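Every value quoted in this text rests on a predicted model; they were computed, and no experiment measured them.
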Amino acid sequence: MKRNFLLTFLKPRNNKFFKSFWDTPIPTISSLSYNFSSSYLKFGRNPNSNEDEEKALRYLAIGVDSFRKNNNDEALKYFQESLSLIQHNFGEYHPDIHTIYNNISSVYFHQGKIQEAIHFMKKSLEVGFEVHGKEHLPMAKICTNLALLYISQGNFRDAREWLEHALGIQIKKLEGNDPDIAKTYSYLGQVAHEQGDYDKEYTYYTKALNIYREHFGDNHPEVATLYHNIGKYYETLGRYQEALEYYEKGIDIDKHIAGESSASLAVPYTNIAKIYRIQGKNEEALEHYFKALDITKKSYDKGHPFYITLYNNIGSMYHYLGRYEEALEYYLKALDSFTAKDNPHPDIWAVYNNIGKLYFNQKDYTTALDYYKRGLEEQKKFRSRDYPSLATSFSNIAEVYRVLGQYEEALEVSTKSLSILKTNFGEAHPVVATAYNQVAMVYDSQGKFNEALKHYEKAVTITKRTCGDLYYELAAYYNNIACLYHKHGEYGKALSYLERALEIEKKTYGEHHPETAKIYHDIATVYSYQGKLNIAKEFYNKALKIKVELFGENHFEVAKTLQDLAVVYKSQGDNSEAEKAYKKANEIYELSRSLQA
């Protein structure tokens with residue numbers, strides 16, 4: 001067999017900035033409420049106040065009922081009528097006005113109008129602080145609602161600020177082991193996770209866990225949830241065995257509370273499946289996905305959202321394994337679950353997106369483009385032209401055009417994606433940085449060095465300004481700048497940026513993590529191109545050691561490093577070691593193909 005001793009070239013990395021619908025959902029803002037009391041009568045400034053009070057209460061009740069029936073426009077109309085009556089009779093700073101502002105914010109949130117939702121939640125806070133004071137306990141819930149809106153927007157910095165404000169109120173007003181304090185710690189842990197502040201994440205989760213255990217004991221759903229969250233923390237750090245241990249702890253509690261077939265087990269089994277998938281234990285991963293599916297079939301009627309989630313996950317697993325026919329089968333089942341619903345659903349676009357990605361990975365770019373465009377059209381039926389998730393569809397379409405070499409089309413569509421994100425989030429937001437990164441990749445593919453570098457550097461500047469110098473996404477941008485310099489033969493600058501990326505990866509994930517291994521591999525590649533073969537060999541071996549420890553000896557990531565290591569041995573005239581490394585890599589690839597067959 002002919003040996004391919006061609007060194008792998010560095011590749012730029014795209015980043016996915018929107019979570020698909022089947023991911024763990026963002027917590028929703030607190031339920032709508034209405035609480036009209038005799039406080040209206042105390043003002044007594046209008047002789048018709050009693051009649052208006054009754055009318056305002058009636059409008060508010062109709063609004064809440066309309067909202068619960070998903071009639072958002074009608075709900076908004078009645079909330080605004082109620083608001084007008086109260087403002088006319090009692091002025092702006094009335095004790096119940098902040099409740100109505102909260103409800104109006106809730107409607108806008110469910111309409112996908114995040115900026116409007118934030119505006120009215122801030123008004124709710126302003127009125128509430130004026131009427132009740134900044135340390136009034138119910139205001140902690142409004143602070144939390146505003147934080148959750150910021151989370152839904154991806155604005156984790158402001159979310160954290162308002163959660164900390166809520167926590168300050170709760171700590172002053174509540175007992176130390178109150179579950180509401182634990183809930184806020186739990187939210188703070190989720191935000192810290194998204195910010196890459198993993199030490200704080202663990203601290204927050206641990207505090208929440210201790211409160212819940214003290215308050216409820218060990219066998220409580222909230223304790224199980226915290227174990228699952230801590231499992232996710234360890235998973236992110238690449239400490240997979242510890243992640244599995246915490247996921248199993250959570251599962252044991254879920255089983256103790258609700259039995260072996262409890263619906264609450266579906267998500268934890270999915271988390272464990274993901275760990276096995278990362279470790280290359282594909283059969284165990286599929287086993288746990290199907291366990292989750294069996295539980296869902298016993299617990300829910302056909303058409304429940306969990307079916308969509310699990311069909312997608314199983315399709316994704318087969319997709320990962322290269323078993324494309326089976327992947328398509330399960331993606332289509334997810335699609336059928338959507339179309340089986342009584343009403344169309346806006347998130348059907350995400351299934352079209354997955355099918356598009358499936359064809360993209362098979363290099364069937366025409367079909368991929370067709371499905372991406374179908375997903376875009378589905379979104380347009382439900383969402384305004386500037387809705388954030390449209391940027392994801394435009395981004396995927398742009399990537400197809402880029403790969404096809406249709407750079408003008410790619411630039412036009414990726415610029416649309418950037419424009420939508422800037423409209424929703426402003427210039428200084430991490431998600432906007434990801435769009436600049438994609439535009440840079442288009443210029444990079446065109447060979448427009450200066451334009452590509454300018455846009456990569458914009459992504460870096462925005463991310464550093466909003467998230468700090470060691471935010472994990474910066475590693476991808478530094479990697480891309482390194483690739484740019486590498487292609488232009490400026491190996492010293494390429495190494496400089498890779499070293500910055502390595503610092504971030506090690507700070508974020510530690511030494512033994514797939515991302516750290518990738519950077520070691522890329523550093524080795526640059527040294528190989530410089531002809532510094534001993535140093536290259538050292539870094540390839542570092543990458544190889546991590547990959548073997550994480551994935552085992554027969555994983556395709558191990559094969560990729562072995563293949564490049566073989567090139568170095570060959571260049572050094574060590575044909576025996578080169579042949580040995582290449583033979584092992586080839587055996588892994590053959591094993592992978594046989595498993596996919």
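- In terms of heavy-atom proximity, S186 sits nearest to A208 at N-CB, 4.1 Å.
- You'll find the side chain of H228 reaches within 4.5 Å of the side chain of D254, heavy atoms only.
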Please assess N361 against H319 for the test side chain to side chain contact (heavy atoms under 4.5 Å, CB included), listing each intermediate value before the final yes or no. CA-CA 9 Å; N361 287 348; H319 188 164; 2.7 Å; yes
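- At a threshold of 4.5 Å between non-hydrogen side-chain atoms, the residues H555 and I588 do not count as touching.
- Rounded to the nearest 0.5 Å, atoms CZ (F551) and CD1 (I546) are 10.0 Å apart.
- The closest donor-acceptor contact from the side chain of S262 to the backbone of G259 lies at 3.5 Å or more, if one exists at all.
- Here the NZ-OG1 distance, from K291 to T296, works out to 13.5 Å after rounding to the nearest 0.5 Å.
- Between D197 and R160, at least one side-chain nitrogen of the basic residue sits less than 4.0 Å from a carboxylate oxygen of the acidic one, meeting the salt-bridge criterion.
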Evaluate the criterion ring pair (Phe, Tyr, Trp, His ring centres under 6.0 Å) for residue pair H521 and F539; output intermediate values, then yes/no. CA-CA 6 Å; H521 187 114; F539 278 95; over 10 Å; no
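- Atom NZ of K200 sits in a sparse spot, with 12 or fewer heavy atoms from other residues, nucleotides or ligands closer than 6.0 Å.
- Not one N or O on the side chain of T561 forms a donor-acceptor pair closer than 3.5 Å with the backbone of V558.
- With rounding to the nearest 0.5 angstrom, the OH atom of Y289 is 9.0 Å from the CD1 atom of I314.
- Between L321 and L286, the closest side-chain pair of non-hydrogen atoms falls below 4.5 Å.
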Step-by-step side-chain hydrogen bond (donor to acceptor under 3.5 Å, both in side chains) determination, E549 to H512: CA-CA 8 Å; E549 288 176 356; H512 297 286; 2.9 Å; yes
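- Panel note: side chain S395, backbone A391; no donor-acceptor pair is recorded below 3.5 Å.
- With rounding to the nearest 0.5 Å, the separation of CD in E222 from OG1 in T225 is 5.5 Å.
- A donor-acceptor contact closer than 3.5 angstrom is absent between the side chains of Y185 and T206.
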Does E499 form a side chain to side chain contact (heavy atoms under 4.5 Å, CB included) with Y478? I'd like the steps, not just the answer. CA-CA 9 Å; E499 285 164 0; Y478 287 145; over 6 Å; no
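- You'll find the side chain of T392 reaches within 4.5 Å of the side chain of N396, heavy atoms only.
- A salt bridge links K518 with E515: the closest approach of a Lys/Arg side-chain nitrogen to an acidic carboxylate oxygen falls below 4.0 angstrom.
- Looking at Y269 and E287, their side chains never bring a donor and an acceptor atom within 3.5 Å of each other.
- Note: Y330 and F290 have perpendicular aromatic rings, judged against thresholds of 30 and 60 degrees for the angle between ring planes.
- A side-chain donor-acceptor contact under 3.5 Å links S299 to the backbone of I295.
- The backbone N or O of N312 lies less than 3.5 Å from no partner atom in the side chain of S316, so there is not a single donor-acceptor pair.
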Quick one: do Q111 and Y387 satisfy side-chain hydrogen bond (donor to acceptor under 3.5 Å, both in side chains)? Show the steps, please. CA-CA 10 Å; Q111 289 180 323; Y387 193 80; over 6 Å; no
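- Residue E538 qualifies as enclosed at atom CD: its count of foreign heavy atoms under 6.0 Å is above 12.
- Annotation: side chain of E164 is in contact with side chain of L188 (closest heavy-atom distance under 4.5 Å).
- Considering all non-hydrogen atoms of both residues, P268 and I251 come closest at CB-CG1, 3.4 Å.
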Please report the C-alpha distance between F67 and H110 in whole Å, then the side-chain angles of each, then the deciding distance to 0.1 Å, and finally whether the side chain to side chain contact (heavy atoms under 4.5 Å, CB included) criterion is met. CA-CA 9 Å; F67 178 83; H110 284 86; 3.3 Å; yes
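- Looking at L137 and H132, their side chains never come closer than 4.5 Å, going by heavy atoms from C-beta outward.
- In this structure, OG1 in T461 is found 9.5 Å from CG in L474, a value given to the nearest 0.5 Å.
- Closest of all the heavy-atom pairs between M317 and R277 is SD-CD, 3.6 Å.
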Report the C-alpha distance between Y233 and H193 in whole Å, list the side-chain angles of each, state the deciding distance to 0.1 Å, and finish with yes or no for ring pair (Phe, Tyr, Trp, His ring centres under 6.0 Å). CA-CA 7 Å; Y233 156 81; H193 179 90; 8.2 Å; no
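- At least one side-chain heavy atom of E511 sits less than 4.5 Å from a side-chain heavy atom of Y520.
- Using the six-membered ring where Trp is involved, Y311 and Y307 have ring planes that are tilted, between 30° and 60° apart.
- K547 NZ to E557 CD: the interatomic distance, rounded to the nearest 0.5 Å, is 4.5 Å.
- The nearest pair of heavy atoms linking R465 to R157 is O-NH1, 4.2 Å.
- The shortest side-chain heavy-atom distance between I142 and L146 does not fall under the 4.5 Å cut-off.
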N155/H429 under side-chain hydrogen bond (donor to acceptor under 3.5 Å, both in side chains): CA gap, chis, key distance, verdict: CA-CA 7 Å; N155 184 349; H429 193 285; 5.2 Å; no
Could you list the donor-acceptor pairs under 3.5 angstrom formed between side-chain atoms of residues 237-249 and any protein atom two or more places apart in sequence or on another chain?
{"residue": "R239", "atom": "NE", "partner": "E242", "partner atom": "OE1", "Å": "2.8"}
{"residue": "R239", "atom": "NH2", "partner": "E242", "partner atom": "OE2", "Å": "2.8"}
{"residue": "Y247", "atom": "OH", "partner": "K232", "partner atom": "N", "Å": "3.3"}
{"residue": "Y247", "atom": "OH", "partner": "E235", "partner atom": "OE1", "Å": "2.7"}

Could you list the donor-acceptor pairs under 3.5 angstrom formed between side-chain atoms of residues 113-124 and any protein atom two or more places apart in sequence or on another chain?
{"residue": "Q115", "atom": "OE1", "partner": "Q153", "partner atom": "NE2", "Å": "2.3"}
{"residue": "K122", "atom": "NZ", "partner": "Y150", "partner atom": "OH", "Å": "3.3"}
{"residue": "S124", "atom": "OG", "partner": "H98", "partner atom": "O", "Å": "2.7"}

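- Heavy-atom neighbours of E553 CD from other residues, nucleotides or ligands within 6.0 Å: at or below the threshold of 12.
- Judged purely by atom type and a 3.5 angstrom limit, Q379 uses its side chain to pair as donor or acceptor with the backbone of S389.
- Side-chain atoms of E473 never come within 3.5 Å of backbone atoms of T463 as a donor-acceptor pair (strictly under, hydrogens ignored).
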Using the rule given for side chain to side chain contact (heavy atoms under 4.5 Å, CB included), can you reason through S393 versus N353, listing the C-alpha separation, both sets of side-chain angles and the distance that settles it, and then say yes or no? CA-CA 7 Å; S393 289; N353 181 70; 5.6 Å; no
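- Aromatic ring pairs are classed by plane angle as parallel below 30°, tilted from 30° to 60° and perpendicular above 60°; the pair F129 and H165 is tilted.
- Between P179 and F216 the shortest heavy-atom distance is CG-CZ, 3.7 Å.
- Residues T466 and A428 share a closest heavy-atom pair of CG2-O, 3.3 Å.
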